[in-house]
Amino acid sequence: MTDKYAVLGNPIGHSKSPMIHAEFAKQTKQDISYEAILAPLDGFSDTVKRLIAEGYKGVNVTVPFKFEAFDMANDINASAVVPEASNTLVFYEGSAAAYNTDGIGLVTDIQKNLARPLQGKRVLMIGAGGAAQGVAIEIAKANPATFVVVNRSVEKVHDMQKKLEGAKEQDIVAITASSFNGLDGQVFDVVINATSAGLTDSVLPIPDSIFTSNILAYDMMYGRETPFMLQARSAGAQVADGLGMLVEQAAEAFSIWRGIKPDTKPVIATIRAL
Ligand code: ATR
């Protein structure tokens, strides 16, 4: 019997997840269906309960339901603890287990696809909102030499620091909090934009000196060239958008559900060519 999966969001029409999972299923010969479902803004948990009752095996969760997915889960995987948000639910015996695969998606894209190992490197992450919280622990676990997080409101970085300390993972690198002014004179190997500033084409107040030809400048957004990417590109930096992360987080979810890891390279190329 075909196992049923879906992605839940609102809006959801733009989602590339059904196409990505269809490619994974074809490649690995898994008998699954995967559809996009628009959940009402006030009806996320009812929708999840209905899908569980209908025998679905799991769902991906996107904006704005990742926090609700975490709140309603019966089991929380370590990957979802710091963000307190989940993009992947696994259904079993009428219950839901919450995972967050965004961090692994980002780190795999940077380390494997872009060939930039983070171990011993100086990493700067810009932003401390939901997207940044989703990936912070995986960056810290990759063991960079330093992990600086900058945000307009530094209190949010302090919150993230506390959550990371509270996660009690062994030997992970602590976050250093910074203001934008505090970045002057600092040097990094990898700079990750986890803010939503690109949505409004806002220019981030990052000193020009950060952008050099040696860095990888990674914007977690995809589908548009953000001012951050333009600034980095004009300095000769290696520049990447978040499309690889999108496919890698999906691959991790697929692997949690199906126990088999798909080859992401051809899928990234297919989605990129659309
Ligand atoms: P998301 O889920 O996309 O992370 P969010 O939780 O609202 O959305 O977080 C948005 C992030 O982008 C925050 O880090 C925000 O900074 P503040 O916490 O200081 O508001 C950051 N951000 C958005 N627009 C920005 C801009 N124009 N300049 C700098 N940071 C910006």
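These numbers come from a predicted model, not from an experiment. Starting from 1, each residue takes its place in the sequence as its number. First listed ligand is number 1; within each ligand, the first listed atom is number 1.
- With a 4.0 Å cut-off on non-hydrogen atoms, Ala128 touches ligand 1 through its backbone and not its side chain.
- With respect to Phe147, the side chain to side chain contact (heavy atoms under 4.5 Å, CB included) criterion is satisfied by exactly one of Ile172, Val173, Leu124: Val173.
- For atom 7 (O) of ligand 1, no protein heavy-atom neighbour is present inside the 4.0 Å cut-off.
- Two rings, from Phe91 and Tyr56, have their centers 6.0 Å or more apart.
- For the residue pair Ser79 / Asn77, a side-chain donor-acceptor distance below 3.5 Å is found, with atom types taken as modelled.
- For atom 21 (C) of ligand 1, the closest non-hydrogen atom on the protein side is Thr195 CB, 3.6 Å.
- Heavy-atom contacts of Lys156 reach the following atoms of ligand 1: 17 (P), 18 (O), 20 (O) (cutoff under 4.0 Å).
- With hydrogens left out, the protein atom closest to atom 23 (C) of ligand 1 is Ser196 OG, 3.4 Å, a heavy atom.
- Ile32 and Val247 end up in the same hydrophobic cluster when Ile, Leu, Val, Met, Phe, Trp and Tyr side chains are linked at under 4.5 Å.
- The nearest heavy-atom contact from the protein to atom 14 (O) of ligand 1 is Asn151 OD1, 2.7 Å.
- Per-residue contacts place Ser202 under 4.0 angstrom from the following atoms of ligand 1 (heavy atoms of the residue considered): 27 (N).
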Side chain to side chain donor-acceptor pair (under 3.5 Å) between Tyr218 and Asp241, worked out: CA-CA 6 Å; Tyr218 192 105; Asp241 68 6; over 6 Å; no
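- Under 3.5 Å, the side chains of Gln186 and Arg122 contain no donor-acceptor pair of N or O atoms.
- Interface atoms of ligand 1 facing Ala131, defined by a heavy-atom separation under 4.0 Å, are 1 (P), 2 (O), 4 (O).
- Near Gly127, the atoms of ligand 1 lying under 4.0 angstrom from a non-hydrogen atom of the residue are 14 (O).
- Under a 4.0 Å criterion applied to the non-hydrogen atoms of Gly130, ligand 1 contributes the atoms 1 (P), 2 (O), 4 (O), 5 (P), 6 (O).
- Here atom 26 (C) of ligand 1 lies nearest to Arg152 when heavy atoms of Gln133, Glu155, Arg152 are compared.
- Looking only at heavy atoms of the protein, atom 9 (O) of ligand 1 is closest to Gly129 CA, 3.4 Å.
- Those atoms of ligand 1 that come under 4.0 Å of a heavy atom in Ala197, given as number and element, are 23 (C), 24 (N), 25 (C), 26 (C), 27 (N).
- For Phe254 and Phe24, the gap between ring centers is short of 6.0 Å.
- A side-chain donor from one of Glu248 and Asn113 sits under 3.5 Å from a side-chain acceptor of the other.
- Of the heavy atoms in Leu204, only side-chain atoms (C-beta onward) come closer than 4.0 Å to ligand 1.
- Ring pair Phe228/Phe211 is perpendicular by interplanar angle, where above 60° counts as perpendicular and below 30° as parallel.
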